[in-house]
Amino acid sequence: LIELMGKKRFEQKLDSMFTYSPSENDELPIFSTGMIGQYAHGNEPSHHVAYLFNHIGKPEKTRQYVQQIMREMYRNSPDGVCGNEDCGQMSAWYVMSAMGFYPANPCGGEYELGMPLFPEATLHLANGKEFTVKAKRNKNIKPSLNGKRIKGTAITHKDIIEGGVLEFK
């Protein structure tokens, strides 16, 4: 789709998804919960959309929208998850995004990078290894894996299960 539309037009369309708000009289689909513009976070098939900015060289927009979704769509209360939990997908999106990565293509073996919510989090893996995510907040994020700058906007499943440190600084 990016190839067909071009990066600039694709970015405009993605931006408009998050910024264009329907009028009060517009008829919305039944699963229109957790709305940011026309983005419906309460409907799981759109959970990957904020991460698509990574594919057009705009990771700062991925971070911006993912952070906005985490702030606005999740609360520590009985109604703190927008939409239907559907076997844990709403929570899984939050947990993974809060760690700083998400499987935008769940069968691709890659995790798109966002921005961690916490200064540090460690996964204790079944193979006995640990995968730690560290984050220092600033505008010019430069992610590295085991001390080496990451080229691109994703890490692989293999990177995680081998253990190590993913650092955003």
Nearest heavy atoms of Ala104 and Pro106, plus distance in Å: O-CD, 3.5 Å
What's the verdict on side chain to side chain contact (heavy atoms under 4.5 Å, CB included) for Tyr39 and Ile69, showing C-alpha distance, side-chain angles and the deciding distance? CA-CA 10 Å; Tyr39 172 78; Ile69 294 164; 3.5 Å; yes
State the CD1-CD1 distance between Ile160 and Ile155, to the nearest 0.5 angstrom. 4.0 Å
In the single-linkage hydrophobic clustering (I, L, V, M, F, W, Y; side-chain heavy atoms under 4.5 Å), do Val165 and Val133 co-cluster? no
Determine whether the side chains of Tyr111 and His157 contain a donor N or O and an acceptor N or O closer than 3.5 Å. yes
Taking atom CG of Asn76 as the centre, does the number of heavy atoms from other residues, nucleotides or ligands within less than 6.0 Å exceed 12? no
Note: Glu11-Lys61 ion pair, threshold 4.0 Å (strictly below): yes
Between Phe168 and Gly114, the two heavy atoms sitting closest are CE2-O, 3.4 Å
Does a side-chain heavy-atom distance below 4.5 Å link Glu112 with Thr62? no
Minimum heavy-atom distance Gly164-Asn146, with the two atoms named: CA-OD1, 3.0 Å
With rounding to the nearest 0.5 angstrom, report the CG to CG distance, Leu166 to Asp159. 9.0 Å
Linking I/L/V/M/F/W/Y whenever any side-chain heavy atoms sit under 4.5 Å apart, do Met99 and Ile161 land together? no
Distance only, no hydrogens: is a donor on one side chain within 3.5 Å (strictly under) of an acceptor on the other, for Glu110 and Thr156? no
Would you check, one step at a time, whether the test side chain to side chain contact (heavy atoms under 4.5 Å, CB included) holds for Met96 with Phe101? CA-CA 6 Å; Met96 297 204 72; Phe101 52 90; 3.7 Å; yes
Would you please indicate yes or no on a ring centroid separation below 6.0 angstrom for Tyr74 and His41? yes
Within the structure provided, determine whether Val49 and Met17 are in side-chain contact (heavy-atom separation under 4.5 Å). yes
Do His47 and Gln89 have side-chain N/O donor and acceptor atoms under 3.5 Å apart? yes
Assess the residue pair His48 and Asn105 against the criterion (side chain to side chain contact (heavy atoms under 4.5 Å, CB included)); give the C-alpha distance rounded to whole Å, side-chain angles, the decisive distance to 0.1 Å, and a yes or no. CA-CA 8 Å; His48 68 289; Asn105 173 0; over 6 Å; no
Pairing donors with acceptors under 3.5 angstrom, does anything connect the side chains of Arg9 and Gln12? yes
Please verify the inter-ring angle class for Tyr65 with Phe18; under 30° counts as parallel, over 60° as perpendicular, anything in between as tilted. parallel
With distance as the sole criterion, is a donor-acceptor pair present between the side chains of Ser97 and Tyr51 under 3.5 Å? yes
Compare every heavy atom of Pro59 with every heavy atom of Thr153, then report the nearest pair and how far apart it is. CG2-CB, 4.3 Å
Intermediate values then yes/no, side chain to side chain contact (heavy atoms under 4.5 Å, CB included), Thr122 and Phe131: CA-CA 6 Å; Thr122 300; Phe131 186 75; over 6 Å; no
Quick one: are the ring centres of His55 and Phe53 less than 6.0 Å apart? no
How many angstroms lie between CG in Leu14 and NZ in Lys7, if you round to the nearest 0.5 Å? 13.0 Å
Can you tell me how far CG of Leu52 sits from NZ of Lys13, rounded to the nearest 0.5 angstrom? 15.0 Å
Side chains of Glu85 and Ser91: donor-acceptor distance under 3.5 Å anywhere? yes
With rounding to the nearest 0.5 Å, note down the distance linking CG in Leu117 to CE in Met70. 5.0 Å
Verify same cluster id: Ile56, Leu1 (apolar side-chain graph, 4.5 Å): yes
Are Glu130 and Leu125 packed together at the side-chain level, in the sense that at least one heavy-atom pair is separated by less than 4.5 angstrom? no
Does the Arg75 side chain pair with the main chain of Asp79, one donor and one acceptor, at a distance under 3.5 Å? yes
Residue pair Cys82 / Met90: nearest heavy atoms and the distance that separates them: O-CE, 2.8 Å
Met5 CE to Phe10 CZ distance, which is reported to the nearest 0.5 Å: 7.0 Å
